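Bear in mind the structure is a predicted one, so any value in this text is a computation, not a measurement. Residue numbers start from 1 in every chain, and the chains themselves are labelled A, B, ... in the order their sequence lines are given, proteins ahead of strands.
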Protein chains: 2
Amino acid sequence: MRAITLPSHGDADVLTAADVEDAVAGPGEVLVEVVATAVNRADIMQRRGFYPPPPGASPYPGLECSGRIAALGEGVTGWSVGDEVCALLSGGGYAELVAVPVGQLLPVPAGVSIIEAAALPEVVCTVWSNVFQLAALQTGEVLLVHGGTSGIGTMAIQLATRHGARVLCTVGSPEKAVRAEALGAERAIRYRDEDFVKAVRTATGGRGADVALDNMGASYLARNVQALAVGGRLVVIGLQGGVKGELDLGALLAKRASVHATSLRARPAAEKAAIVAAVLAGVWPAIEAGEVRPIVDRILPLSAAAEAHRVMEGSTHIGKILLAVS
Amino acid sequence: MRAITLPSHGDADVLTAADVEDAVAGPGEVLVEVVATAVNRADIMQRRGFYPPPPGASPYPGLECSGRIAALGEGVTGWSVGDEVCALLSGGGYAELVAVPVGQLLPVPAGVSIIEAAALPEVVCTVWSNVFQLAALQTGEVLLVHGGTSGIGTMAIQLATRHGARVLCTVGSPEKAVRAEALGAERAIRYRDEDFVKAVRTATGGRGADVALDNMGASYLARNVQALAVGGRLVVIGLQGGVKGELDLGALLAKRASVHATSLRARPAAEKAAIVAAVLAGVWPAIEAGEVRPIVDRILPLSAAAEAHRVMEGSTHIGKILLAVS
C-alpha cells in the first residue's frame, strides 16, 4: 500500500510517500480502506521526533480517518465489508489501508460526506471526553477555549453552545474571530491584542471561566489559573507553549480549582472504545440533525502531506486540514 | 464570654484570653456552649496574619468544636437545647459560646466522649470531601497521605483502609511510623531518610499512587506528580511548603493525571452542609461501630492555647490537639 512514512525526523520535507507492506486486521480489528485522513498537531510532533507512536501502533502518522471496511479481523461482529466508517486511530491514517480496533469505529453520520467524516473522530472524541466527561461542563457555565478556530476549537464551540454553556475563546486574527463567533462563541478574544484573563473577567462580571480547554500548556498555565472561576477546571490537551510552568497553588486553593492534563492517543483500547460509544450516543445524533458539523479548512491529496503540515504550522487555517487518500 | 483573641499577629504569645461579647445565634444558626475545640494549622496561619477569617465569620480562631446546644436561632428545627453536638465552624471555636449554621452540626457519635468529639469535624469532613468525593478513591487503589500522623493523616489512613484502599504515608520519625502503621497504613515512609517517590514506586511495583493527599504544596508538587499513577489525582489541602511550584505538564499529561487544591473554610454554607450530611451518612456509622476513631494527642485547657500552638508548630504530636473549654 501507499503510505506517508518518516524515514527521519525534522521539518515537513521528511514526510515521504512510499510503498509499504499492507496493513492487516488482527483479532478484534477491521481493515479500513482509507478515503481521507486529517492532520493533527500530534502528527507534527511525531514528525519532529517528540511524540513516538505508542507500543503496537502503526509507525506512520495519522490519528483519524474515514473510509470503507475492506476486511474483518477474527471475532469482529456488527460491521460488514463495505460499511462507510470513520475511526479514531493510534497512528497509520496517512496510508491506503489501516487496521482499527473495532471499538474505535463510528459510522459516517447521515448528511456528512465520507471525506468530511475524516474531520470528526479526533475532535469529537477529544472535546467530548475532556469538556463533558472529565470537566463535566454544565448548562449555564462558561467554557474558555484556546484556539477557537482550530479543529478542536470549532467543535468545542459548537458542542458547548448546544449544551447551553457560554463559550469564550481566543483567536489569532480578526478573520478567525468572525468565524468563531459565527459558530456560537459569545466572544472571541484576540490574544495578540488583549489580555485574555482580563477579557474573560470582563465577559463574566469578574467570575471567570468554569472550564478552560487549553492547547498551550506551560506558557498559559499561570494565566489560565487566573482566568478560572471558583470551582474551575483547567484541562490541558496540548503543550505548544512548553511543558514546565509555574503553578500558583495558593490561587488554585482559593478557587478550589483543578488542573488536568490528558491525551487520547496513549489510552488503552477499552477507554477509547468507551469514549467512542459515548460520542456515538451523545454527539452523532446532533451531527445527523445538522446542529453540529465538521469545519474543514481545505482538502489536499495525501501526496501533499508536507504542504498540509506547513499550513498547520503557519496557523492561518480554520478548522480541519484533510488529506484525501483515494 | 471568655475567648482567645488575636489583638495582634505573630507567634503563639499573641493569643490572648479576654472577656468578649457573647456569641448570638442568627437565623438558621444554633448557639453552642463549647466543651472543647481543636487546634488546626489554619489557626496558626490566622494567628500569623496570613489567613484572615472569611466575611461574616467570628474573628476568634477555632474551626471545630464540641458542646451542648444553648439556644436555637430563628427557623431552626430538628435540634433541641441541651443536645450534645460537634460542629464544623468558620471560626470562633476558641470561646465559651459559638454560633453555628445548623447544617454544620453533627451529633456526638455514640461511644465517643463529648470532649473527643471536638477532634472529628474538620478531619472527617476534610478527608471525606477530598479523598472520597473529589478524588473518588476506589477500593483497591493506592492512597498516599503526607503527614500520616497529623489529625488529617490519622483519619485518612483509617477511612481509606476501611474503604479497601491501600494506604502509604509519609512521617517524620520512627515513632510516628509505628503509629501510622498501627492505624492501617501499609507503609509509613520516613521522609527525612528516604525519597518518598522511590518508596511509593517500590511499594506499588512502579505503578504509583492513585490519589495523593498533600499538605505541603509547592515544595512537594514536582515529587507528588512523579509519585502519581496513570489517572492519578493529587489533592493539595495545605501549603506548608510554599505556594508557587513548578508543574511538569508533560508528566501530568503522560499520566492523564490532575492537581486539585481545596479548602473547607471558605466554602458557602450550603456546600459545607452537603459535606456534613454526607459525613453523617458515610462515616458516623463507622465511628459508632468503633471501626474508626478520633486520635487525640493531648487535651489542654483553653487558657493554654499558646502552648497548644507551640506543640503543633513543633510537629511532634500524633493526632489532634484539643482545648477543653468548660
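- Between A/E64 and A/K320, the closest side-chain pair of non-hydrogen atoms falls below 4.5 Å.
- Residue A/R265: no heavy atom, backbone or side chain, is found under 4.5 Å from chain B.
- The CD1 atom of A/I275 sits 8.0 Å away from the CG atom of A/L88 when rounded to the nearest 0.5 Å.
- Atom CZ of A/R233 is separated from atom CD of A/E141 by 4.5 Å, given to the nearest 0.5 angstrom.
- Sorted by first and then second residue, the side-chain hydrogen bond (donor to acceptor under 3.5 Å, both in side chains) pairs with a member in residues 209-218 of chain B read B/R207-B/D210, B/D214-B/N224; sequence neighbours excluded.
- Close approach to chain B, defined as a heavy atom under 4.5 Å from one of its heavy atoms, is seen in A/V236, A/I237, A/G238, A/L239, A/V243, A/K244, A/G245, A/E246, A/L247, A/D248, A/L249, A/G250, A/L252, A/L253, A/R256, A/A257, A/S258, A/V259 of residues 234-259 of chain A, taken by number.
- Annotation: side chain of B/L89 is not in contact with side chain of B/Q104 (no heavy-atom distance under 4.5 Å).
- Atom-to-atom distance recorded for A/I321:CD1 and A/H309:NE2 is 9.0 Å, nearest 0.5 angstrom.
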